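Structure first, then comments.
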Amino acid sequence: MDYDFRAIEAKWQRTWKDSDAYKVTEDTSKPKYYVLDMFPYPSGAGLHVGHPLGYIASDVYARYKRHKGFNVLHPMGYDSFGLPAEQYAIQTGQHPAVTTEQNIARYRDQLEQLGFCFDWSREVRTSDPSYYKWTQWIFGELFESWYDTEAQKARPIAELAEAFADNGNFNVHAACDEHWWKGLSFPHFGEHFDGTFTATDWDSMSEQERAEVLMAFRIAYLADSEVNWCPALGTVLANDEVKDGLSERGGHPVVKKTMRQWMMRITAYADRLLDSLDGLDWTDSVKDAQRHWIGRSEGASVRFAVADDQGKPDASGAEVEVFTTRPDTLHGVSFMVLAPEHGLVTQLTTDAQGQDVEAYVTAAGLKSERDRQGDKSISGVFTGGHVVHPISGALIPVWIADYVLAGYGTGAIMAVPAGDERDWKFATHFGLDIPAIFEGVDTQEEVCTDKGAILCGSGEWDGMKAADAIPLAIDWVEKQGVGSRTINHRIRDAVFSRQRYWGEPFPIKYEQGVAKRITDATVTLPKVDAYLPTEDGEPPLARAAKEDWPVFQGDAMETNTMPGWAGSSWYFLRYMDPHNESEFCARHKSDYWGQVDLYVGGAEHTTGHLLYARFWTKFLHDRGHIGFDEPFKGMINQGMILGRSSFVYRIQGTDTFVTASQRKAHATQRLHVDINLVDNDKLDLEGFRAWRPEYAQAEFILEDDGSYLCGHEVEKMSKSKYNVQTPDDLVERYGADTLRCYEMFLGPLTQHKPWDTQGISGVHNFLRKTQRLYTQATDGGPMPAEASEDALRIVHKAIAKVTDDLDRHAFNTVVSALMIAVNELSSASGDMGQNALQPLAVLLSPYAPHLAEELWASAGGSGSVLDAAWPVADNAFLVEDSVTYPVSFNGKVRFKVELAASMPPPEVEALIRAHDKTLEQLGDKAIRKVIVVPGRIVNVVA
RNA sequence: GCGGGUGUGGUGAAAUUGGUAGACACGCCAGACUUAGGAUCUGGUGCUUCGGCGUGGGGGUUCGAGUCCCUCCACCCGCACCA
């Protein structure tokens, strides 16, 4: 009988659907397990074979856990807000919701045919108002919270307002911009407001003024900040959406621009995001990338007084503050560099240098981020101004240069040319002093960044190792009152506004310019006449008139939308309670399901999604909405499946195509050919002629056997390379079970690997053979209950191996183990029986669930195989009576001896010493030593 | 430059704690079946001058190294003027 996978798969998919086989609910009688895939953006192109790789792995694991008795949550949904649908809308006028709906329908079809065990009743779509209602709600909570740096947690903003009313902001430890008050101008604070205010001050403020003060402390806050502006996309981008100064999507130039934007105070969570990485079961590569992205560095901030005309500290009290990780090199400071955007540039610049400085600042401002980053040449201008060295009192010239970044630290550095590569190059280039501060190093000739170097010319730190002087230097700076111990992070607060249509609207209205949360309604997207920014550069939502908004409150609505990562930062929670209309997720449900135990997805979300989701989770935990503060306990990043492109070789200027092996004899042009016309590198000649009109007259120079061999190369899958393999074709030809097994069999999940359709036939044959094994065992009648001992040995060996491999997430070797079992059983002596073939069907079930159901039934299993208990390997069947010992001489295997497994090592040694073949091998040499590794090997040292 | 990873037959790969390198497949070769089925079955398949040699190169530890240590090389990914 043939392996009729079409009938089998259709039958079981229908059965599962009819019986709600994959529906789960909270069940406290079982331990829970949460297996999650990174949900896809439903693109118009549909899935290719690379996409399901991770879904198959997670599906296998989810099914395995279910067999093991866990209550498994394994949902799927769509990250359905996004740029492609919006751009399609701009071009065609079709509402993005329509495009999105169509794409989702196609994804659903493709996913369903693969037989995944998703609980589809829990599907979520981030673009659905019933979902983004709660994204808005979380935003609202972030808006109405501040971060208490002493308690290290987020608290309601009302509590901060109370504290202000009681005591002003004395003893308030709130995360905020260091100079949060700058830019606010409240008359009653006076000219020298330093950021502290009393309860009386608070009391005297107008409501608007209070709102402005509170805004500076909110976790979701509005601020003028320097953002990445992408003119081509007409929107701002977060740091992780910019690669090499170009937008990640589309590759358009990005410039810095100051704009009033919604921001997320992720910096408040920097240390917690860093510290709790240790407890996660993620790869070091992802953890390291996050550590680097957060970029914690410890050092000191030091203030240098601005010098007046007489070289004394200026009467204005102006100071340049720098951050340094090397305060030990303070004696080596010979100049100072400010970022061109630094606030003190104007004050420091003398009349004589005015023109040069202005020109430099203007030029730096015009440069795109890409130019600025790409340009490693040394440039800078002297401002003419000086600061006073806090130790020596010497005048330090102040320069500006764009190697100093406005966005990091204080936007100014103390330059120590002897100890910093860039400072050294700068000093050398401009002929600035290089004070010697390291013993035995000629820093005129080379820079010394080694913290093990011995200091000199550094007063009381002379003779100390630089590294040892750092803490002393920080103490000194603090004692002198010129600075303090400081921890700096590279991570910036994240821009949360996007000037786009197809995203979540903010639940924010404005009343007399004050932003207020809308709590009584879901703000849905208004109608607009076009999906483009307005002529004034306002976001697309600004096109909507008051009556176009389903919800309009206050004087004006916020017209930005949220970024793509908003919806994906909490979707794993919504799956737990997807239809709840009164809460984002009921607490008892999030308490039951808890963290995602295994998260499967690509490695491309390292610094974006994964960081934001962790941030929101910690926030929701702080505010008591969930009981855990890390979303994803374990994670596997699957590798990319690459395409295998095929090529034909056209002799230049002709219609003649030469086979790969003879192409060198001609001047040829290499052309991609559709992989569907190629089988085993052999080209379907007729198909090729029919493929495209220009090849209709093609002539061929063939191999001796009359075939045309194509060349090949491994590349990313893409339409233009004609190397895209869709799962649909393969499911049609081989079935879902074959495709599932094959994708797993292809290689280690985490590795990148080329797609090769050749190999699939081997896996298909394996399933066919498996079915034949069962058919022959039943032989028309019911299957016997008892199998031979031989058969049981084979099956129990497989149980041990498969279980072990699955626990290690070694998905590929499981398929091999099953193949071995089926091969061995097919040629095993004795009878097959239920006690062998039922467990085997369960082992197969995670990989080939449809066939496994069929086989389970034929082996007399009751109910669905889905709920069959995972078999346990019986040791009695695993121990062998005898062992074949390889006998090696000085590490080289020479012969083998079969011995009883129970034979004690001394006896083995004696036996080997006296063995004929040993004597033969030895010749006239004497045995120096014999090593017996019980059950494994014997090594004779001669 | 920094961080992470990878390197094994013609190909995808396996080898969990150091213990027979190349399991399992693909491909290829030979044969069987008998005609055309993207069949099936059987056998072979790392290289070899038949001594041996073989896990990117070189060195080391060990009775024994793909596996541990040092060093170098190549490729891939991420970050990158971060003070």
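We name chains A, B, ... by the order of the sequence lines, and we start the count at 1 in each one. Computed from a predicted model, the values in this text were never measured in an experiment.
Closest to the side chain of A:R936, out of B:rU6, B:rU17, B:rG38, is B:rU17. For A:Q758, whose side chain is taken as the heavy atoms from C-beta onward, the closest listed nucleotide among B:rA83, B:rC24, B:rC26 is B:rC26. The side chain of A:I937 lies closest to B:rU20 when the candidates are B:rG12, B:rU20, B:rG27. The side chain of A:I820 has B:rA23 as its nearest neighbour among B:rA23, B:rA14, B:rG19. Listed candidates were B:rC63, B:rG38, B:rA83. Nearest to the side chain of A:I413 is B:rA83. Comparing B:rA83, B:rG78, B:rC63 by their nearest atom to the side chain of A:A289 picks out B:rG78. Proximity note for A:D288 (side chain, C-beta onward) versus B:rC81, B:rC26, B:rG3: the nearest is B:rG3. Nearest nucleotide to the side chain of A:K753, out of B:rG19, B:rU20, B:rG12: B:rG12. The side chain of A:H292 sits closest to B:rC79 out of B:rC79, B:rG12, B:rC82. Between B:rA83, B:rU17, B:rG38, one nucleotide has an atom nearer to the side chain of A:R422 than all others, and that is B:rA83.
A:T813 comes within contact range of the sugar-phosphate backbone alone, with a heavy-atom separation under 4.0 Å but no base atom that close. A:L746 comes within 4.0 angstrom of sugar-phosphate atoms only, judged by non-hydrogen atoms across all strands, and of no base. Within 4.0 Å (heavy atoms only), A:E421 reaches no atom of the nucleic acid at all. As judged by a 4.0 angstrom heavy-atom cut-off over every strand, A:N765 is placed among residues touching the sugar-phosphate backbone only. Within 4.0 Å of A:V893, counting heavy atoms only, lie sugar-phosphate atoms of the nucleic acid but no base atom. A:F745 comes within 4.0 angstrom of a nucleotide base, judged by non-hydrogen atoms across all strands. At the heavy-atom level, A:D284 lies nowhere under 4.0 Å from the strands shown. Base engagement by A:V404 is indicated by at least one non-hydrogen atom pair under 4.0 Å involving a base atom. Backbone-only contact: A:S285 has heavy atoms under 4.0 Å from sugar-phosphate atoms and none from a base. Across all strands, A:D804 comes closer than 4.0 Å to base atoms (heavy-atom distances).
Computed from coordinates, the A:L825 CG to B:rC24 C1' distance equals 16 Å when rounded to whole Å. Put simply, CG on A:L642 is 12 Å from P on B:rC76, counting in whole angstrom units. Between the CD1 atom of A:I378 and the P atom of B:rC81 there is a distance of 15 Å, given to the nearest Å.
Pairing for B:rU49 is absent, judged as Watson-Crick or G-U wobble with the two contacts each under 3.5 Å. The partner of B:rG3, taking Watson-Crick or G-U wobble pairs whose two distances both stay under 3.5 Å, is B:rC77. B:rC68 and B:rG60 make up a base pair, with Watson-Crick or G-U wobble contacts both under 3.5 Å. Base pairing annotation: B:rA15 forms no Watson-Crick or G-U wobble pair, as no partner gives both donor-acceptor distances under 3.5 Å. Pairing for B:rC82 is absent, with no Watson-Crick or G-U wobble pair whose two atom distances lie under 3.5 Å. Across all strands shown, nothing is found opposite B:rA39 as a Watson-Crick or G-U wobble partner with both distances under 3.5 Å.
Distances shorter than 4.0 Å separate some side-chain N or O of A:R808 from OP1 or OP2 on B:rA15. Look at A:N812 and you won't find any side-chain N or O under 4.0 angstrom from OP1 or OP2 of B:rA13. Applying the 4.0 Å criterion to OP1 and OP2 of B:rG3, one finds that A:Q290 has every side-chain N and O outside that range. For the pair A:S297 and B:rA83, the criterion of a side-chain N or O lying under 4.0 Å from OP1 or OP2 is met. Within the structure, every side-chain polar atom (N or O) of A:R291 is placed at least 4.0 Å from both OP1 and OP2 of B:rG78. Contact check, A:N939 against B:rU20: no side-chain N or O comes under 4.0 Å of OP1 or OP2. Side-chain N/O atoms of A:R296 include none lying less than 4.0 angstrom from OP1 or OP2 on B:rC82. Contact check, A:R490 against B:rC79: no side-chain N or O comes under 4.0 Å of OP1 or OP2.
At distances below 3.5 Å, not a single donor-acceptor pair connects side-chain atoms of A:H764 with backbone N or O atoms of A:G759. For the pair A:D423 (side chain) and A:V416 (backbone), a donor-acceptor distance under 3.5 Å is present. Side chain of A:N723 to main chain of A:K716: a donor-acceptor pair is present (N/O by atom type, distance under 3.5 Å, no hydrogens or angles).
Taking 3.5 Å as the limit, the base of B:rU16 and the side chain of A:D805 contain no donor-acceptor pair of atoms between them.
When only modelled atom types and interatomic distance are considered, A:N488 and A:S297 share no side-chain donor-acceptor pair under 3.5 Å. Between A:Y708 and A:D684, the side chains place no donor N or O within less than 3.5 Å of an acceptor N or O (distance only, hydrogens not considered). Side-chain contact of A:K769 with A:N823: a donor-acceptor pair under 3.5 Å is present, judged by distance alone. Judged by distance alone, the side chains of A:Q725 and A:T757 do bring a donor and an acceptor atom under 3.5 Å apart. No side-chain donor from either of A:T770 and A:Y3 sits under 3.5 Å from a side-chain acceptor of the other.
In this structure, B:rG51 shows a glycosidic angle within 90 degrees of zero, which is the syn conformation. Classified by its glycosidic torsion, B:rG18 falls in the anti category, the angle being over 90° from 0.
The six-membered or imidazole ring of A:F745 lies away from that of A:F811, with a centre-to-centre distance of 6.0 Å or more.
B:rC79 and B:rA25 are spaced 38 Å apart, taking the C1' atom of each and rounding to whole Å.
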